[in-house]
Every structure is written in C-alpha cells, then in structure tokens.
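Only one structure is covered here, and it is reproduced in the block below.
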Amino acid sequence: MSAAELIIDVRESDEFKAERVPGSLHLPLSQLEMIAPGILKPLSHCSLTILCRGGTRARIAFEKLQAMNLIDPASARVFEGGILEWKRQGRPVEGGAGGILPLMRQV
C-alpha cells in the first residue's frame with residue numbers, strides 16, 4: 001500500500017475494534033451516507049480499497065459512494081474476499097478477538 005492509497009473498512013464498530021487492517025479508516029456501512037462526505041472529499045487524491053468481512057458490504061459501499069460522487073471508480077476498488085481473504089494471504093491485522101462472533105452477526 002502506497003502513501004496515497006487508503007483502505008476503507010465498512011464493517012461495524014464491534015468488528016473493526018476486534019480486528020482491523022493497520023492504518024485503515026473506519027466508515028461503517030450503516031453510517032456511510034452521514035459520515036463519508038466529510039471524510040472522503042478531502043481524500044479525493046487517494047486510491048481507495050474498500051474492505052469488509054467477506055466482500056458483500058464493500059460492494060454495497062462502493063456503489064453508494066459512487067452514487068454520491070465521493071469516489072472515482074478508476075481509483076477505487078473492492079478488496080474481494082474482505083478481511084478473511086486479507087488474513088488468508090498473510091497480510092497484517094491488528095487486534096484479533098479470535099473466535100468472537102460480532103454482535104451484528106449473531107442476530
């Protein structure tokens with residue numbers, strides 16, 4: 001990841017607190033429309049990688065951000081497979097609650 005590349009994690013707060021990519025920015029999908037404009041507009045020069053647990057929420061976030069004109073599809077992408085694939089590839093993570101199922105996944 002280069003200095004102008006930013007990882008956006010769209011998982012919910014409990015998931016992000018338990019485990020995250022070092023240096024990633026937390027923009028929960030449930031609050032995306034409310035907080036993304038103020039955070040992403042100043043970062044328009046960055047390449048963005050959107051990440052969630054497995055990829056589904058990241059694709060939804062990508063579509064929402066594109067519809068809001070907050071990302072350029074040419075400089076943004078979804079990390080397919082999410083943090084599960086990130087870890088499978090041996091990439092670094094912080095935290096790690098090991099086996100705790102996030103509350104949102106329990107309901």
Side-chain angles (χ1 to χ4, degrees):
M1 186 169 67
S2 70
E5 188 175 15
L6 183 61
I7 295 178
I8 305 293
D9 191 324
V10 297
R11 296 174 301 144
E12 295 305 314
S13 294
D14 56 339
E15 297 172 280
F16 185 78
K17 287 177 186 173
E19 180 173 64
R20 66 207 153 276
V21 173
S24 60
L25 184 61
H26 185 221
L27 293 175
L29 183 60
S30 64
Q31 300 173 28
L32 197 67
E33 289 93 345
M34 185 174 58
I35 62 177
I39 293 174
L40 293 182
K41 282 185 181 181
L43 301 173
S44 62
H45 63 284
C46 295
S47 295
L48 301 177
T49 298
I50 304 171
L51 176 128
C52 65
R53 182 175 184 272
T56 302
R57 288 178 283 176
R59 285 188 290 279
I60 293 167
F62 183 94
E63 291 172 8
K64 285 184 176 191
L65 293 171
Q66 186 177 1
M68 294 166 59
N69 292 317
L70 292 175
I71 60 169
D72 175 4
S75 62
R77 70 181 183 109
V78 170
F79 189 85
E80 294 298 333
I83 198 163
L84 297 175
E85 177 62 19
W86 182 275
K87 292 188 309 184
R88 191 192 69 71
Q89 291 179 11
R91 296 178 184 217
V93 294
E94 296 175 334
I100 294 176
L101 189 61
L103 180 62
M104 293 304 291
R105 292 253 174 231
Q106 294 177 28
V107 293

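What's counted below: heavy atoms across the whole structure, side chains too, no hydrogens, waters or symmetry copies.
- The nearest pair of heavy atoms linking G55 to V78 is O-CG1, 4.1 Å.
- For the atom pair CD1 of I71 and CG of L43, the computed distance is 13.0 Å after rounding to the nearest 0.5 Å.
- A distance of 7.0 Å separates CD1 of I8 from CD1 of I50, quoted to the nearest 0.5 Å.
- With sequence neighbours left out, the side-chain contact (heavy atoms from CB on, under 4.5 Å) criterion links T49 to E5, I7, R77, F79.
- The closest side-chain heavy-atom distance from L65 to L48 is not below 4.5 Å.
- For the side-chain contact (heavy atoms from CB on, under 4.5 Å) test, no residue two or more places apart in sequence or in another chain qualifies with S44.
- The stretch residues 17-67 participates, sequence neighbours left out, in these ring pair (Phe, Tyr, Trp, His ring centres under 6.0 Å) pairs: F16-H26.
- Closest of all the heavy-atom pairs between P92 and P22 is O-CD, 3.3 Å.
- Atom CG of L51 is separated from atom CD1 of I83 by 5.5 Å, given to the nearest 0.5 angstrom.
- Side chains of V10 and I60 form no contact here, defined as non-hydrogen atoms less than 4.5 Å apart.
- Considering CG of L84 and CD of E19, their distance stands at 8.0 Å, rounded to 0.5 Å.
- Ion pairing of E80 with R59 is present here, as a side-chain N (NZ or NE/NH1/NH2) and a carboxylate O approach within less than 4.0 Å.
- From M68, atom CE reaches atom CG of L32 across 6.0 Å, with rounding to the nearest 0.5 Å.
- Separation of atoms NZ (K17) and CD (E12) is listed at 11.5 Å; rounding is to 0.5 Å.
- Taking every heavy atom of both residues into account, P42 and P37 meet most closely at CD-O, 4.4 Å.
- Of all heavy-atom pairs spanning G23 and L6, the tightest one is O-CD1, 4.2 Å.
- The only option from R57, R53, R20 that meets the side chain to side chain donor-acceptor pair (under 3.5 Å) definition with E15 turns out to be R57.
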